[in-house]
2 protein chains.
Amino acid sequence: MTVRPVRIVLADDERMVRTALRVILDAEPGLEVVGEAATGAEAVSVVRSFLPDVVLMDVRMPEIDGIRATEQILSTLAEPPRIVVVTTFENDSYVYDALRAGAAGFLLKRAAAEDLVQAVRLVARSDSLLFPAAVRELAALHSTQKPAPPPWAAKLTGREAEVLRQMARGLTNAEIAARIGVGPATVKSHVAAVLAKTGARDRTQAVIAAYESGFIRPK
Amino acid sequence: MTVRPVRIVLADDERMVRTALRVILDAEPGLEVVGEAATGAEAVSVVRSFLPDVVLMDVRMPEIDGIRATEQILSTLAEPPRIVVVTTFENDSYVYDALRAGAAGFLLKRAAAEDLVQAVRLVARSDSLLFPAAVRELAALHSTQKPAPPPWAAKLTGREAEVLRQMARGLTNAEIAARIGVGPATVKSHVAAVLAKTGARDRTQAVIAAYESGFIRPK
DNA sequence: GCCCGTCTCCCCCGTGCGGTGGAGGCGGAT
DNA sequence: ATCCGCCTCCACCGCACGGGGGAGACGGGC
């Protein structure tokens, strides 16, 4: 008997992309594109109908994005397919969101055809999970820029940085003053300086900036 | 001419693991283990000496953990190797940290030998990035347990969660009101509820709690 | 039927916060 | 000797915020 082929569903709002993927995948023995969807909502229903082994899911789609569609599929099917999130990766921060949603892997749209095929095969047969340059580039944005995660961090004086750290712990000006051993008025000055340099409107925005820039980290 | 082999460095505090990996990898044509390290610090120096193509890096190691070692390697070498983080995955939340550190992939220690080999090959030749069941399980922990990443998230109503998300974007009550289409007084009520449920004293602490609990994540 | 949770909105009040515009001291750089 | 950056602190002001009350409407559950 022949080996059961890997059944694939494509979800992408661009017909050309779907066609390209279909051509590449259908040319491969053992791979079979069984369905297509142009929206996230359509993807959910198509997957429910065809129950494929693998779904190639675009992130940006009308109605429901790929992330939500992934969530819905994984949470509503008893034996959900492996979902590979496909992205063009421009400035996407979808990666972590997709991971949380339960995506089995990532694929860069500009990936080589052979990588695409290998990705699908690998995801289909083992519970391994493919990743592309997308993450490397994203990771690079986080790691190689480590010497300069916050553009403004260099401009914060020692005291200001200290005050910002205390702010990010949820302390009031008076508490910060007591903690670092200065007067409340002094803390106010430093806070004002931090707000000015970070471009924040209030302490909440300053704390957000601290998190988003990596100046401080969760956990 | 023969193809240049993939040069590999193993970093793991358990000798047995290193040996096992070496046996598996050395048996493969085109793969060559050129060095081993038992600590994170050692890993950094060994990598600097041998300049391998791929590093298999354990997470938990004495002196310096795999994450920090990864950071150091990637930030100090001009042409750093691909670093694959190896984990036993018990309750690790290292995955995101490793990604941020610039890891090229993940591998589960209990992965099949053939998966290991294929992972190394793939990481070495393309900029694709391997993942294992580790992430699937971890993702499951985050997605299926989505009702419970923050202990209090389950207790936040839909509106309250929405308001908290807007708070975490640095918006004032008035701005949130305009954005979600309700009156300012309503937003005040929701904010009060959020503060009560999160145990926060003010909106800043609420936003901090949102970040620390993973309710929202930095880009 | 009733209750309870949710969403919606109102009042009043105190205050922490942020904005403005200062001042004095201290050290390094020029 | 002078200037500048940083740290320290002050007074005044307006306001968004948070606390403490409530109230009406809708829905589902008992």
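Only this structure's heavy atoms are used, side chains among them; waters, hydrogens and symmetry mates stay out. Letters A, B, ... are given to chains in the order of the sequence lines, protein chains preceding strands, and every chain is numbered from 1.
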- If we only count heavy atoms from C-beta on, is the B:Val55 to B:Pro81 side-chain gap below 4.5 Å? yes
- Message: Taking A:Val182's backbone N and O only, do any of them form a donor-acceptor pair with A:Thr186's side chain (distance below 3.5 Å, no angle check)?
- Response: no
- Message: Determine whether A:Thr157 and A:Glu160 satisfy the following criterion, side-chain hydrogen bond (donor to acceptor under 3.5 Å, both in side chains), listing intermediate values before the conclusion.
- Response: CA-CA 5 Å; A:Thr157 69; A:Glu160 288 159 1; 3.3 Å; yes
- Note on the structure: With five pairs defining each end axis, the helix from C:dG1-D:dC30 to C:dT30-D:dA1 comes out bent, to 10°, by 40°
- A:Pro52: which of A:Ile83, A:Leu10, A:Ile8, A:Val9 passes side-chain contact (heavy atoms from CB on, under 4.5 Å): A:Val9
- Note, A:Val191 side chain near A:Val163 side chain (heavy atom, < 4.5 Å): yes
- Query: Are any non-hydrogen side-chain atoms of B:Val207 and A:Tyr211 less than 4.5 angstrom apart?
  - Reply: no
Can I get a per-line list of side-chain donor-acceptor pairs under 3.5 Å for residues 166-175 of chain A, giving both atom names and the distance, sequence neighbours left out?
residue, atom, partner, partner atom, Å
A:Gln166, NE2, A:Glu162, OE2, 2.9
A:Thr172, OG1, A:Glu175, N, 3.3
A:Asn173, OD1, A:Arg203, NH1, 3.1
A:Asn173, OD1, A:Arg203, NH2, 3.3
A:Glu175, OE1, A:Thr172, N, 2.9
A:Glu175, OE1, B:Arg201, NH2, 2.8
A:Glu175, OE2, B:Arg201, NH1, 2.6
A:Glu175, OE2, B:Arg201, NH2, 3.4

- Query: What is the per-nucleotide protein-contact pattern of nucleotides 6-17 of chain D, from the 5' end, where B denotes a base atom under 4.0 Å from a protein heavy atom, S denotes such proximity for sugar-phosphate atoms only, and - denotes neither?
  - Reply: SSBBB-B----S
- Rounded interatomic separation in angstrom, taking CD from B:Glu162 and P from C:dC7: 11 Å
- Item | Pairwise side-chain contact, A:Asp26 with A:Leu31, heavy-atom cut-off 4.5 Å (strictly under) | no
